[in-house]
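All ligand and atom numbering here is 1-based and tracks the order in the structure. For reference, positions follow the sequence shown, starting with 1. Here the structure is a predicted model, which means the values were calculated and not measured.
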Amino acid sequence: MLTIHTERLLLRPFVGDDADFVFDVYSRWEVQRYIGAVPRVMASLSEAFDHIRAWHDLDDGVHGVWAVTEADSGKLLGSILLKFIPASGSDLTVCPSGDTEIGWHFHPDAWGKGCASEAASAVLKHAYSQDLGRVVAVTNPLNLASQRVCERIGMTHEGVTEDYYNARCELFVGTAA
Ligand SMILES: CC(C)(COP(=O)(O)OP(=O)(O)OC[C@H]1O[C@@H](n2cnc3c(N)ncnc32)[C@H](O)[C@@H]1OP(=O)(O)O)[C@@H](O)C(=O)NCCC(=O)NCCS
């Protein structure tokens, strides 16, 4: 997986030592409340290890899940995901459309500083550089902060969709110039 540098941030693969942080983020309702058709919080540290293993499996040199850290201190801030998006249907592990989604999950202590937008913008650029001509993002209609991140990184709002995750979402699309 490519390490990505931005002005303030370093994006790198997750490692096992990050499990406490992953659990701290994903066990919070304020982080999880808008995610998935039926939001749920992470219940145990072992789930955090499972997530990190699953994220490694997504790494194909283009797609993956990056740990977002402060470049200076190495402090963990959140994650950026670039992965095939599950189409609505009975099996949410299948992606017949082949669409790739970008997503972001940050620790509340890191919110409001523009870090999500800075990291997401860099990963979107990486996607375009790897010949992904179209990247989607879907958000819960109530998730205005996430919609703003989509806008800030240049994605276009295309209205409501029920095509993914068995959920009604706002759809944003980014296209390589
Ligand atoms: C979505 C999330 C990553 C945004 O993080 P962030 O640190 O606030 O992001 P940024 O600082 O880069 O930008 C957020 C933008 O949204 C705006 N914003 C934040 N909260 C908002 C709200 N409740 N309503 C409207 N706009 C809001 C900010 O003002 C900022 O826009 P601006 O710079 O034009 O003022 C963060 O809220 C999060 O991790 N949420 C939980 C996980 C989640 O919902 N992920 C998305 C799933 S689709």
State which residues pass side chain to side chain donor-acceptor pair (under 3.5 Å) with Ser46; sequence neighbours excluded, sorted by chain then number.
-> Ser44

Give the atoms of ligand 1, by number and element, whose distance to some non-hydrogen atom of Ala110 is under 4.0 Å.
-> 7 (O)

Closest non-hydrogen protein atom to atom 33 (O) of ligand 1, residue and atom name please, with distance?
-> Arg152 NH1, 2.6 Å

Look at the side chain of Gln147 and the backbone N and O of Asn140, then say whether any donor-acceptor pair between them is shorter than 3.5 Å.
-> yes

Show the numbers, then the answer: is there a side-chain contact (heavy atoms from CB on, under 4.5 Å) between Phe21 and Thr69?
-> CA-CA 11 Å; Phe21 172 79; Thr69 67; over 6 Å; no

Is there a donor-acceptor pair under 3.5 Å between the side chain of Tyr164 and the backbone N or O of Ile85?
-> no

Same apolar cluster (I L V M F W Y, side chains within < 4.5 Å links), Met1/Val135 = yes

List the closest protein heavy-atom neighbour of atom 31 (O) of ligand 1: residue, atom name, distance to the nearest 0.1 Å.
-> Arg148 CG, 3.1 Å

What atoms in ligand 1 come closer than 4.0 Å to a heavy atom of Leu144?
-> 24 (N), 25 (C)

Rounded to the nearest 0.5 Å, how far apart are CG of Leu82 and CH2 of Trp104?
-> 10.5 Å

Identify whether the distance between the nearest side-chain nitrogen and carboxylate oxygen of Arg53 and Asp57 falls below 4.0 Å.
-> no

Criterion side-chain contact (heavy atoms from CB on, under 4.5 Å) on His105 and Leu81, from CA distance to verdict = CA-CA 8 Å; His105 305 138; Leu81 305 80; 3.6 Å; yes

Under 4.0 Å between a Lys/Arg side-chain N and an Asp/Glu carboxylate O for Asp109 and Lys75?
-> no

Which residue and non-hydrogen atom of the protein lie closest to atom 42 (C) of ligand 1, and at what distance in Å?
-> Val31 O, 3.3 Å

Taking both backbone and side-chain atoms of Ile35, is any N or O found less than 3.5 Å from an N or O belonging to ligand 1?
-> no

Location of contacts on Ala137 toward ligand 1, heavy atoms closer than 4.0 Å | neither

Atoms of ligand 1 under 4.0 Å from any heavy atom of Val138, numbered from 1 in the order shown, are 48 (S)

Any N/O pair Asn143/ligand 1 closer than 3.5 Å = yes

Side chain to side chain donor-acceptor pair (under 3.5 Å) filter on Thr161, not counting sequence neighbours, yields Asp163

Determine whether Glu118 and Glu7 make a side-chain contact, defined as any pair of heavy atoms from C-beta on separated by less than 4.5 Å.
-> yes

Among Phe106, Trp104, Trp111, Phe172, closest by heavy atom to atom 40 (N) of ligand 1 is Trp111

Go through ligand 1 atom by atom and flag the ones less than 4.0 Å from a non-hydrogen atom of Gly114.
-> 10 (P), 11 (O), 12 (O)

Identify the protein heavy atom lying closest to atom 19 (C) of ligand 1, giving its residue, its atom name and the separation to 0.1 Å.
-> Ala145 CB, 3.5 Å

Got a second to check how far Glu47's CD is from Ile52's CD1, nearest 0.5 Å?
-> 12.0 Å

Evaluating non-hydrogen atoms only, which member of Val149, Asp109, Val68 is closest to atom 4 (C) of ligand 1?
-> Val149

Any non-hydrogen protein atom less than 4.0 Å away from atom 7 (O) of ligand 1 | yes

Hey, does Tyr34 come in under 3.5 Å of ligand 1, counting only N/O atoms on both sides?
-> no

Subset of ligand 1 atoms that lie under 4.0 Å from at least one heavy atom of Ala116 | 3 (C), 5 (O), 9 (O), 12 (O)

Given Ser117, Pro108, Gly36, which has its nearest heavy atom closest to atom 12 (O) of ligand 1?
-> Ser117

Is there at least one protein heavy-atom neighbour under 4.0 Å from atom 23 (N) of ligand 1?
-> no

Using a 4.0 Å heavy-atom threshold (strictly under), name the region of Lys113 that reaches ligand 1: side chain, backbone, both or neither.
-> backbone

Counting both backbone and side chain atoms, is some N or O of Ser146 under 3.5 Å from an N or O of ligand 1?
-> no

